[in-house]
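Reviewing the structure listed below.
In this text the structure is predicted, and so the values were computed from the model without any measurement. In this chain, numbering begins with 1 at the start of the sequence shown.
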Amino acid sequence: MLETVALSALTAFLTAAWNGAAGEIGKQTLLSAGAMARRTLGRETPLPTGPEEWRTLAGQVHARLGRDPQQAGEWALLVRSFPGQSVALTPAAGLPPASRDFTNRQKVLKQLKREVTRRADGRPRVALLHGPPGIGTTAVALRLGAALHAQFPDGQFYVDLRDTSGGHGPEPATVLLRLLRQMGVPPERMPPTASGREQLYRQLTVGRRALLVVDHASSAAQVRSLVPATPDVFLLVIVSGRPFALEAERVAVPPLSDRYAAQMMRKVAGPEKVARAKARMPHLLARCEGNAFALKAEALRLQTEETDQGTPEPRAGRPGRDPVRDAVRTACDCLRPETARLIRLTALGGWPSIDARLAAAAADTTPEEAARMLVEASEAQLLDPLGDERYRFRPEVRRCLADTAGLEHGIPECSAAVERALDSLLNRALHAAHAALPQSWRTEPAPEDGDAYRDEAEGVAALVAEAGNVVRAVSVAVEYQHFTTALRLARALWPLQLKAGYWDEVLPALRAAARCADERRPHSRTAAGLHFQLGHCLGELQRWEEAERVARAAIACERVEGHVRGEASSVELLGLLYLYQWRYEAALEQFGEAERRYRRITAGQEGARDVARALALVERHQGRALRGMGRLAESQRLLESATDFFKEQGEGYNRARALTDLAETLLDAGENAEALTKIAEAESLLTSSAAPHLRYLAGLRLRCEGNG
């Protein structure tokens with residue numbers, strides 16, 4: 001069967017398994033490949049860390065298969081049964097709708113269209129669209145997408161990097177993650193590494209005709225890996241502010257001339273309103289300096305003048321002043337004082353999204369009143385609606401509001417507003433985390449006040465919805481020296497890591513919280529827990545060296561605290577890090593050490609209720625490590641013991657996972673009929689929501705039947 005497992009097919013399988021090693025089933029595939037590679041080569045084979053190393057491993061394995069037809073057949077079955085090679089580009093919802101108020105910009109559009117339609121000549125089609133905040137760069141991109149919709153039949157994909165949770169926006173790997181999600185890549189097929197994501201991105205776009213728009217980019221590093229290698233993919237990068245160094249067609253968006261500025265105001269306010277303000281128009285146009293945001297804000301003010309005789313005259317401005325900031329201050333003057341206060345105080349936190357509960361906490365009012373004020377602020381163009389009764393600030397608008405909050409309301413009131421917002425987010429996060437993991441000792445009990453969530457699914461959904469704000473809140477709490485709040489917020493992120501796979505999203509918060517804990521609560525349980533979370537997150541992203549170092553820090557903290565359960569759990573994490581690197585002997589040693597620590601916990605001690613379950617999980621991990629080492633009889637014994645425990649406890653999901661491991665061990669031992677029995681038993685325990693696991697079992701069944 002050697003001809004069915006050509007070197008190219010073997011290389012493609014191994015790299016695809018590596019790229020798909022996200023989540024439990026992705027790692028299961030990779031472990032199977034590792035066990036096969038070790039058995040074929042007769043030695044420990046560390047997990048490759050890049051495409052070139054995977055090609056080398058494929059070559060080494062392929063060379064051995066020519067001398068062993070049986071193993072060649074096993075590899076052929078494994079390659080054919082792999083379900084993860086069919087990821088395809090899926091057109092998303094496309095770009096947001098273009099503005100009805102769009103005016104002129106014909107020269108800019110012509111320059112962009114020229115880049116889209118020019119001869120490729122081996123040069124990637126990339127444009128860098130830039131201009132000062134509020135000038136209309138995003139509007140230009142959306143207008144281009146609408147005009148050239150037929151030019152890109154394989155889809156238009158929009159990623160907005162507007163991110164107020166950090167000064168420099170998301171990392172390049174996170175940008176790739178967001179784009180691949182837009183392209184329809186399911187979570188279980190998402191590569192955990194930046195290089196794997198870039199490789200998948202290029203596979204999805206080869207030979208395609210697609211438009212990629214990356215808005216609010218802040219550095220060339222964020223988008224460099226997106227530069228297309230195929231001639232009919234057009235990458236449009238939007239920078240709000242000064243452009244950065246990127247090999248691209250640079251296209252500047254200039255201010256609107258007075259002629260087109262007046263035309264835009266007529267579109268927004270109506271010709272009659274602008275005509276009545278004819279005497280003031282030169283002054284208004286001079287203040288706005290051709291800035292689209294400022295012009296629209298002034299036009300909206302003109303639109304409401306007749307129904308609001310109390311509308312104040314705009315503050316005097318002069319050319320050279322920032323037109324966006326002038327427009328924000330004028331818009332605030334036109335709001336009710338209580339609405340202006342709410343919007344300024346809410347802007348202080350730099351929250352990625354705003355809802356009525358968060359705004360109410362910042363302003364110390366009711367959610368009902370806050371909801372009405374948010375609508376008012378949105379109508380004044382100070383907030384952009386996101387749907388689901390959520391809003392967000394434009395970056396420059398938020399900065400202006402935050403800068404004026406202290407002057408308008410005083411430092412004490414501003415500090416109190418941030419503290420109330422942090423407390424509100426902490427309360428929600430603690431309720432959601434407890435609902436998501438009600439039995440976990442790594443989450444706090446739910447607070448007595450606040451709204452509880454019905455079940456685990458609702459708790460996870462609430463955390464997902466609030467993830468950006470909770471991540472941001474960690475750094476805000478550190479900045480305002482609410483250190484305990486920062487640490488508790490970060491601990492509440494654990495269900496997002498464990499159940500939602502939000503590793504990229506929570507990583508910045510976990511890094512900040514772990515540093516804070518080392519400085520403020522060194523060697524404490526809190527520090528240990530945060531190092532555990534950070535180590536887990538880094539391991540899922542295959543940042544092995546740092547993950548191991550952080551896991552050892554967690555072990556050291558737990559040991560100082562005398563927290564045996566925490567120490568055992570952290571040792572177990574270290575074993576898992578080794579296991580997923582195919583370092584089976586080292587993994588088995590750590591699992592054995594974790595078992596010894598768990599067994600030190602006696603009746604009446606903290607964590608005694610969890611010991612039996614923890615030991616069953618460690619048995620499963622030991623069985624997996626032993627299978628990788630080829631010690632199949634020992635592996636089978638431990639996996640059967642773990643399976644029996646989960647059956648007694650009624651834990652269907654963990655039982656299905658252990659049965660899957662057991663079936664693979666039996667397959668390796670040549671006991672195909674018994675393996676098929678375990679596969680059927682595992683399938684009976686899973687629902688349709690476990691589709692990746694069911695697909696994996698289907699592939700495992702094919703291997704068993706083909707091996708018979």
Side-chain angles (χ1 to χ4, degrees), residues 422-423 426-427 429-434 436-448 463 470-471 473-475 477-478 481-499 506-507 509-539 546-577 590 593-611 613-615 617-618:
L422 288 171
D423 288 343
L426 177 61
N427 182 277
L430 292 178
H431 272 293
H434 178 74
L437 291 172
Q439 306 301 323
S440 175
W441 57 272
R442 292 194 176 277
T443 58
E444 285 189 40
E448 293 184 2
L463 271 179
V470 177
V471 167
V474 173
S475 57
V478 172
Q481 299 187 12
H482 296 296
F483 301 117
T484 299
T485 297
L487 302 181
R488 295 175 72 194
L489 282 162
R491 295 296 304 276
L493 293 170
W494 174 235
L496 280 177
Q497 299 175 238
L498 191 65
K499 290 201 164 190
V506 305
L507 182 59
L510 294 180
R511 289 192 192 279
R515 285 194 301 268
C516 177
D518 284 341
E519 293 169 3
R520 301 286 168 173
R521 309 280 192 276
H523 308 301
S524 64
R525 286 197 187 186
T526 298
L530 287 167
H531 283 300
F532 178 93
Q533 287 179 237
L534 179 56
H536 172 272
C537 186
L538 292 165
E546 187 182 1
E548 180 179 344
R549 185 171 66 252
V550 171
R552 291 191 180 280
I555 294 169
C557 290
E558 298 285 22
R559 187 173 297 153
V560 169
E561 278 285 301
H563 184 206
V564 179
R565 174 176 59 180
E567 185 181 354
S569 180
S570 298
V571 171
E572 183 182 347
L573 171 63
L574 185 59
L576 287 169
L577 295 176
Q590 295 303 318
E593 189 61 35
E595 179 187 357
R596 287 187 287 275
R597 280 166 167 74
Y598 280 128
R599 292 192 184 280
R600 284 167 45 192
I601 302 173
T602 59
Q605 286 187 315
E606 183 181 7
R609 291 187 310 170
D610 303 324
V611 167
R613 185 174 184 274
L615 288 173
L617 289 169
V618 168

How long is the span from the [atom1] atom in [X] to the [atom2] atom in [Y], to the nearest 0.5 Å?
X	Y	atom1	atom2	value
T526	H531	OG1	NE2	11.0 Å
H563	E558	NE2	CD	5.5 Å
R609	W441	CZ	CH2	13.0 Å
R488	N427	CZ	CG	9.5 Å
L574	I555	CG	CD1	5.0 Å

Has the side chain of [X] got a donor or acceptor atom that lies under 3.5 Å from a matching backbone atom of [Y]?
X	Y	value
Q497	Q533	yes
S524	R521	yes
S569	R565	no

Handout entry: Derivation and outcome, side chain to side chain contact (heavy atoms under 4.5 Å, CB included), residues R549 and L538
Key = CA-CA 10 Å; R549 185 171 66 252; L538 292 165; over 6 Å; no

Problem - Donor-acceptor pair between H482 and D423 side chains, under 3.5 angstrom - result: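 No pair is found: no donor N or O on one side chain lies under 3.5 Å from an acceptor on the other.
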
Closest approach of [X] to [Y] (non-hydrogen atoms, all atoms of both residues):
X	Y	answer
I601	E606	CG2-O, 3.6 Å
A554	S570	CB-OG, 3.7 Å
C537	L510	CB-CD1, 4.0 Å
G535	L577	O-CD2, 4.2 Å
V474	A512	CG1-CB, 4.5 Å
T602	A608	O-CB, 3.5 Å

Quick one, [X] and [Y] - any side-chain contact, counting heavy atoms below 4.5 Å?
X	Y	value
R442	F532	yes
L617	R613	yes
Y598	E572	yes
Q605	R600	no

Handout entry: side chain to side chain contact (heavy atoms under 4.5 Å, CB included) between H536 and W494, intermediate numbers included
Key = CA-CA 10 Å; H536 172 272; W494 174 235; 3.8 Å; yes

Practice task
Take R491 and L530, measure what side chain to side chain contact (heavy atoms under 4.5 Å, CB included) needs, and give me the verdict at the end.
Solution key: CA-CA 7 Å; R491 295 296 304 276; L530 287 167; 3.6 Å; yes

Practice task
Start with the C-alpha distance between L430 and L426, add both sets of side-chain angles, then the distance that settles side chain to side chain contact (heavy atoms under 4.5 Å, CB included), and finish with yes or no.
Solution key: CA-CA 6 Å; L430 292 178; L426 177 61; 3.8 Å; yes

